[in-house]
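Side chains are part of it too, since the values below use all heavy atoms of this structure and drop only hydrogens, waters and symmetry mates.
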Amino acid sequence: MNRTIVWFRRDLRIYDHEPLFRAARRGLVIPVFVFDQALLQHPETGSARVAFMLECLASLEADLQSKDGRLILRTGDPVRVLPDLIKETQAEGIYAYTDCERIYGRVRDARLNQALERKGMKIRWFEPPASLPELISYPQYRSRWYQDMAAPMLPEPTRVDVPTDIPSDDLPTLTALKQAPDGKSIPQGGTAAARQFLANFLSEKSDRYYWQLSYPSAEATTGLSPHIKFGAISVRDCVQTIQKTPDEGNFRIRRSQQQLIARLRWGSGFAQRFRYLPQLELRSLYTVFDEDGWAFDEDLYQAWQAGQTGFPIVDAAARCLQATGGWQALNFRSRAIYASFLSNLLGMDWRFGALHFMRHLIDGDCPIDHYQWAMQSGVTHCLDKTWTRIYNPGQVAVDRCDPNGAFIKHWVPELAHLPTHQLGIPPQTKGYPAPILDYRTARQKRVQQLEEQRGRFLCQENVVPYLADLPEDLTPFGSDRYPSEITWAQNPVEGLFPEPLNISQLDLQQAKALRTWFVAHVNIAPPKIRKRKPKAPVDQLVLNL
């Protein structure tokens with residue numbers, strides 16, 4: 001009977017999983033997950049995220065057992081482990097999804113292809129929905145995304161027959177993987193948990209998600225992001241579940257459902273950008289920003305990390321991130337304010353911010369995290385923009401995002417005694433630092449800098465000459481700050497799989513298509529500068545603390 005290895009990576013589910021579905025139809029299946037030290041010891045790996053991954057793996061094992069199967073666990077370099085497993089099991093080959101999250105993974109997969117070819121062994125790669133090898137424009141991609149999300153989901157296999165004679169390692173502990181627990185509370189992982197989060201959102205939050213997403217204390221987020229990162233639930237499953245949920249004629253529910261689907265699409269779009277341009281993991285999109293250099297001050301960086309900037313909403317976000325991993329309590333607006341402070345006001349390289357986030361986020365996903373960090377820093381999604389969004393971290397942000405002061409007072413208890421209107425720039429308070437910068441001065445300096453830098457490529461029809469290429473040195477950023485396994489980057493790299501765009505070979509038509517990925521496709525006017533009156537308290541915010 002045919003034997004097929006199914007290599008699980010960031011797709012830890014048995015439903016809507018094409019490699020598993022097709023392998024189970026062929027015959028015997030060897031489902032395998034390999035603990036890869038280069039990923040476990042990557043400078044951007046967070047121990048809480050690894051702990052959540054172990055939860056998802058335990059759930060995957062249970063789901064496979066429900067189909068009379070089991071999960072085979074191995075540890076080591078997949079380039080060696082997988083060919084050995086083919087030989088050991090007499091499998092015909094490997095089925096796996098492509099994955100473009102990390103440069104390391106694409107180097108590894110290219111090396112695996114070469115190793116298997118040398119040994120006369122086979123691997124079949126499957127494209128995840130909305131992942132495309134060819135270069136198309138962003139409007140075309142958006143249409144393709146909806147098409148892929150509407151396609152029928154593949155069911156769970158009726159059975160997953162795994163040969164009984166194949167040994168498996170035990171599911172390791174966090175410490176066995178050389179990860180130190182950092183005290184974060186880990187959500188339940190797996191497909192059942194993910195679907196329950198989605199069901200709870202649709203029944204309890206979908207009438208307010210769109211309107212309260214900017215308020216951190218409202219906790220209006222779905223909680224799905226860690227599960228999507230590890231593929232415990234597919235994006236297509238989420239989209240179709242949302243679409244099948246009646247809106248009961250309620251405009252608020254319908255608008256929130258549309259917003260959530262749009263955010264799922266944006267996440268897929270970030271992954272596709274990284275498929276085209278993996279250098280976005282290591283570099284700013286345009287060469288000018290990194291060539292001009294960035295400021296850096298270790299003491300200010302540490303103050304920003306620790307929540308000691310003297311700006312309460314920034315410090316609340318900093319402490320929330322480190323305490324919770326951000327997956328539910330730190331929403332997109334809080335992350336944006338916190339990120340903008342480091343790059344736009346302190347003037348520091350966005351990569352230091354992305355590094356810190358990824359070491360703590362339970363839902364940390366490199367394309368989403370890095371791309372949005374670069375965007376908030378004003379160095380990526382800005383081809384047609386003459387203005388710069390820089391968040392005012394003072395009273396403006398408090399009034400806009402935390403009108404009751406609930407988020408700030410929870411995470412910065414030193415200021416719990418103050419009225420909300422003093423939480424922007426609080427009076428001198430024992431145990432709380434004075435502001436580490438002057439907002440207006442820092443903002444003016446950054447605006448002038450960005451205007452000059454952007455002026456070199458703004459509105460250019462062909463942006464290819466201004467784009468950063470893939471560097472020769474692929475060493476991960478931050479490996480000089482944290483112990484890391486980087487020997488893979490010190491050996492000759494003969495290619496990436498899937499292959500990235502070779503931007504030096506794009507013709508003008510292709511360059512125009514690529515350009516559409518870095519402009520806004522709606523007319524977004526610059527924000528008006530005006531004084532805001534404090535908003536009246538919102539009862540629902542208090543109820544959701």
Side-chain angles (χ1 to χ4, degrees), residues 214-218 295 297-323 326 329-348 352-353 356 376-378 387-450 526-538 541-542 545:
S214 291
Y215 298 92
S217 58
D297 183 301
E298 186 67 47
D299 291 337
L300 294 178
Y301 181 52
Q302 291 183 13
W304 174 84
Q305 289 178 303
Q308 295 291 328
T309 69
F311 289 88
I313 199 160
V314 174
D315 294 337
R319 300 178 192 187
C320 176
L321 172 64
Q322 295 212 42
L330 194 66
N331 66 9
F332 86 98
R333 187 72 67 189
S334 305
R335 297 185 191 198
I337 293 170
Y338 187 33
S340 179
F341 190 92
L342 182 75
S343 289
N344 289 325
L345 299 181
L346 288 174
M348 293 192 202
F352 283 102
H356 179 66
Q376 295 300 335
S377 302
W387 57 275
T388 301
R389 165 171 276 179
I390 298 177
Y391 288 92
N392 183 335
Q395 195 63 42
V396 170
V398 177
D399 294 343
R400 174 67 181 85
C401 299
D402 195 21
N404 292 310
F407 180 68
I408 291 172
K409 291 183 179 184
H410 178 78
W411 293 108
V412 191
E414 309 96 294
L415 306 179
H417 63 287
L418 295 178
T420 305
H421 69 269
Q422 291 186 338
L423 290 177
I425 303 294
Q428 186 173 356
T429 302
K430 184 178 180 181
Y432 189 71
I436 62 176
L437 57 78
D438 177 76
Y439 164 70
R440 293 188 181 278
T441 302
R443 184 185 189 282
Q444 183 179 20
K445 179 181 178 181
R446 181 62 173 159
V447 167
Q448 291 174 347
Q449 181 187 38
L450 283 175
K528 295 180 180 179
I529 306 299
R530 63 180 185 272
K531 293 183 178 180
R532 294 180 180 269
K533 294 181 180 180
K535 294 186 177 182
V538 180
L541 298 186
V542 178
L545 294 180

Task: Within 6.0 angstrom of Gln428 CD, more than 12 heavy atoms from elsewhere - done: no
Side chain to side chain donor-acceptor pair (under 3.5 Å) partners of [X], counting only residues at least two apart:
| X | value |
| --- | --- |
| Gln444 | none |
| Gln448 | none |
| Asp438 | Thr441 |
| Asp315 | Thr309, Tyr432 |

With [X], which residues qualify under side chain to side chain contact (heavy atoms under 4.5 Å, CB included), at least two apart?
| X | answer |
| --- | --- |
| Ala339 | Trp373, Gln376 |
| Ala323 | Trp411 |
| Pro413 | Arg319 |
| Gln322 | Gln305, His356, His360 |

Shortest non-hydrogen separation from [X] to [Y] and the atoms involved:
| X | Y | value |
| --- | --- | --- |
| Gly431 | Glu414 | O-OE2, 3.7 Å |
| Pro312 | Leu415 | CG-CD1, 3.5 Å |
| Ala316 | Ile408 | CB-CA, 4.0 Å |
| Leu330 | Leu321 | CD2-CB, 3.9 Å |
| Ala306 | Ala318 | C-CB, 4.4 Å |
| Val314 | Pro393 | CG2-CB, 3.8 Å |

- [ ] Might you work through the side-chain contact (heavy atoms from CB on, under 4.5 Å) test for Asp297 and Leu346, ending with a clear yes or no?
- [x] CA-CA 9 Å; Asp297 183 301; Leu346 288 174; over 6 Å; no
TODO: Output yes when a side-chain donor or acceptor of Tyr338 lies under 3.5 Å from a complementary backbone atom of Trp304, and no otherwise.
DONE: yes
Open item on the list: Tell me if a side-chain donor or acceptor on Lys409 pairs with a main-chain N or O of Leu418 at a distance below 3.5 Å.
Closed with: yes
Task: Sub-4.5 Å side-chain heavy-atom contact between Asp402 and Ser217 - done: yes
Open item on the list: So Pro435 and Ile425, do their side chains get closer than 4.5 Å, heavy atoms only?
Closed with: yes
Task: Pairing residues for Phe311 by the ring-ring contact (aromatic ring centres under 6.0 Å, His included) criterion, not counting sequence neighbours - done: Phe341
- [ ] With sequence neighbours excluded, tell me which residues meet ring-ring contact (aromatic ring centres under 6.0 Å, His included) with Phe352.
- [x] Phe296, Tyr301, Phe477
- [ ] List the steps and the verdict of side-chain contact (heavy atoms from CB on, under 4.5 Å) for Cys401 and Ile337.
- [x] CA-CA 10 Å; Cys401 299; Ile337 293 170; 3.9 Å; yes
Looking at [atom1] of [X] and [atom2] of [Y], how far apart are the two atoms once the value is rounded to the nearest 0.5 Å?
| X | Y | atom1 | atom2 | answer |
| --- | --- | --- | --- | --- |
| Leu300 | Ile436 | CG | CD1 | 5.0 Å |
| Asn392 | Leu345 | CG | CG | 8.5 Å |
| Cys320 | His410 | SG | NE2 | 7.5 Å |
| Ser377 | Ile390 | OG | CD1 | 10.0 Å |

Task: Residue that, paired with Asn344, satisfies side-chain hydrogen bond (donor to acceptor under 3.5 Å, both in side chains) out of Arg446, Gln449, Arg443 - done: Arg446
Task: Pair listing, salt bridge (charged side-chain N to carboxylate O under 4.0 Å, His left out) test, anchored in residues 332-342, at least two apart - done: Arg335-Asp363
TODO: Could you walk me through whether Phe407 and Tyr215 pass the side-chain contact (heavy atoms from CB on, under 4.5 Å) test, one step at a time?
DONE: CA-CA 9 Å; Phe407 180 68; Tyr215 298 92; over 6 Å; no
